[in-house]
Amino acid sequence: VYGRQRVSGAVVFMETSTKSRYLHIIVAISGNELNAISEIYFNDKPLTLDSNGFVTAPSQFVDKAIIKTAQEHLDVATLGAVSWSDTSLLNGIGHIYARIEYDTDAYPNGIPNISAVVEGKKLFDPRTSATSYSKNSALVLRDYLTNDDYGLGASSSEIDDASFIAAANVCDENVSLAAGGTEKRYESHGVVDTALPPKQIIEEMLSA
């Protein structure tokens, strides 16, 4: 995941406890560490959470759900998912844990689809040699070209950083809007589908 995007993902754990009163679900929403998980949705309803992860709105989910998020490691066993292994850490995988209490009024259509608005992968910036969250299109492309897990795995010697620095500076230029204010000239927000050929992925990135 690059930039800001609403995403869902694969259910990697599902189990009931307390005589099927609670359903425990873990949804893996990205193949990379995320900068932030800013909004959680059940179907199309945004959830409001307190500091402990309990839902405080909408009203039908109050006291019926608890949400925990983590970029790297979430110890679900402490929340009652009895068979979750201490060694199943989901390191480097953005994910959501939900504990949902059985209630046909709160969930008339069954288990809700769980999704989130996230800030995606942190990117290396050759201008500063720092790695941080960015939506800069040139830095997104550079990250994909050099990524060993799902990109092309190019070495640093194969990258013309002077060219990427110039492109990143252009992307960061402020453009005035007719309605007032500014926005960056080029940004990238989206999800890389590794089932697609790299040429198509690169062309979609360049379309920014």
Side-chain angles (χ1 to χ4, degrees), residues 1-18 20-123 131-135 140 143 147 149-150 188-195:
V1 181
Y2 289 111
R4 182 176 171 86
Q5 187 78 6
R6 182 175 170 183
V7 295
S8 187
V11 175
V12 296
F13 179 83
M14 181 183 292
E15 184 175 295
T16 60
S17 66
T18 317
S20 297
R21 178 180 177 183
Y22 296 109
L23 178 67
H24 306 267
I25 304 174
I26 299 175
V27 182
I29 56 175
S30 70
N32 55 271
E33 179 186 359
L34 298 169
N35 185 61
I37 299 176
S38 55
E39 299 174 48
I40 306 289
Y41 287 81
F42 277 3
N43 298 324
D44 289 322
K45 293 184 180 293
L47 306 183
T48 302
L49 309 176
D50 65 16
S51 59
N52 294 314
F54 284 94
V55 176
T56 59
S59 59
Q60 72 265 40
F61 301 133
V62 173
D63 299 327
K64 298 299 178 184
I66 178 174
I67 301 289
K68 297 289 184 179
T69 63
Q71 281 89 311
E72 289 195 43
H73 174 206
L74 182 61
D75 184 6
V76 181
T78 62
L79 299 175
V82 292
S83 69
W84 182 256
S85 170
D86 289 340
T87 60
S88 300
L89 302 181
L90 295 179
N91 282 338
I93 298 175
H95 55 282
I96 299 168
Y97 163 74
R99 190 193 74 188
I100 301 172
E101 185 174 3
Y102 181 83
D103 189 311
T104 55
D105 293 327
Y107 308 103
N109 298 316
I111 301 170
N113 178 62
I114 301 172
S115 62
V117 176
V118 305
E119 293 180 357
K121 194 172 188 289
K122 298 175 183 179
L123 307 177
T131 300
S132 60
Y133 172 66
S134 176
K135 302 165 284 186
V140 167
D143 184 83
N147 190 280
D149 293 327
Y150 54 81
S188 292
H189 305 269
V191 177
V192 170
D193 182 352
T194 55

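Keep in mind the model is a prediction, meaning the values are calculated, not measured.
- Here the OG-CD1 distance, from S30 to I37, works out to 7.5 Å after rounding to the nearest 0.5 Å.
- Taking CE from M14 and CD1 from I25, the interatomic distance works out to 4.5 Å, rounded to the nearest 0.5 Å.
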Report all side-chain donor-acceptor pairs from residues 2-9 shorter than 3.5 Å, counting only partners two or more places apart or in another chain.
from	atom 1	to	atom 2	distance (Å)
Y2	OH	D143	OD2	2.5
Y2	OH	Y150	OH	3.1
R4	NH1	S38	OG	3.3
R4	NH2	E39	OE2	3.0
R6	NE	S115	OG	3.1
R6	NH2	N43	O	2.9
R6	NH2	D44	OD1	3.4
R6	NH2	S115	OG	3.2
S8	OG	I114	O	2.8

What donor-acceptor contacts under 3.5 angstrom involve side-chain atoms of residues 48-57, with partners at least two apart or in another chain?
from	atom 1	to	atom 2	distance (Å)
D50	OD1	N52	N	2.9
D50	OD1	G53	N	3.0
D50	OD1	F54	N	2.9
T56	OG1	T48	O	3.0

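- At a threshold of 4.0 Å, the pair K121-E33 does not count as salt-bridged, since none of the basic side-chain nitrogens sits closer than that to a carboxylate oxygen.
- Donor-acceptor pairing under 3.5 Å is recorded for the side chains of S17 and H24.
- Under the 6.0 Å cut-off for aromatic ring centres, F13 and Y97 do not qualify, their centroids lying 6.0 Å or more apart.
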Show your working on side-chain contact (heavy atoms from CB on, under 4.5 Å) between L34 and I29 and close with a plain yes or no. CA-CA 9 Å; L34 298 169; I29 56 175; 3.9 Å; yes
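- A heavy-atom distance below 4.5 Å is not found between the side chains of K122 and S132.
- Not a single donor-acceptor pair under 3.5 Å links the side chain of N32 to the backbone N or O of G94.
- The shortest side-chain heavy-atom distance between S83 and E15 falls under the 4.5 Å cut-off.
- Nearest heavy atom pair, residue A28 against residue H95, reads CA-CB, 4.0 Å.
- Looking only at side-chain heavy atoms (C-beta outward), L90 and I26 come within less than 4.5 Å of each other.
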Under the side-chain contact (heavy atoms from CB on, under 4.5 Å) rule, what do Y107 and K64 come out as? Steps first, then yes or no, please. CA-CA 10 Å; Y107 308 103; K64 298 299 178 184; 3.8 Å; yes
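- Judged by the 6.0 Å and 45° rule, R99 forms a cation-pi pair with Y22.
- Taking CD1 from I100 and CD1 from I111, the interatomic distance works out to 7.0 Å, rounded to the nearest 0.5 Å.
- One distance of note links CG of L123 with CG of N147; it measures 10.5 Å at 0.5 Å rounding.
- Here the OH-CZ distance, from Y102 to R21, works out to 13.5 Å after rounding to the nearest 0.5 Å.
- In this structure, the separation between CZ on F42 and CG on N109 is 13.5 Å, given to the nearest 0.5 Å.
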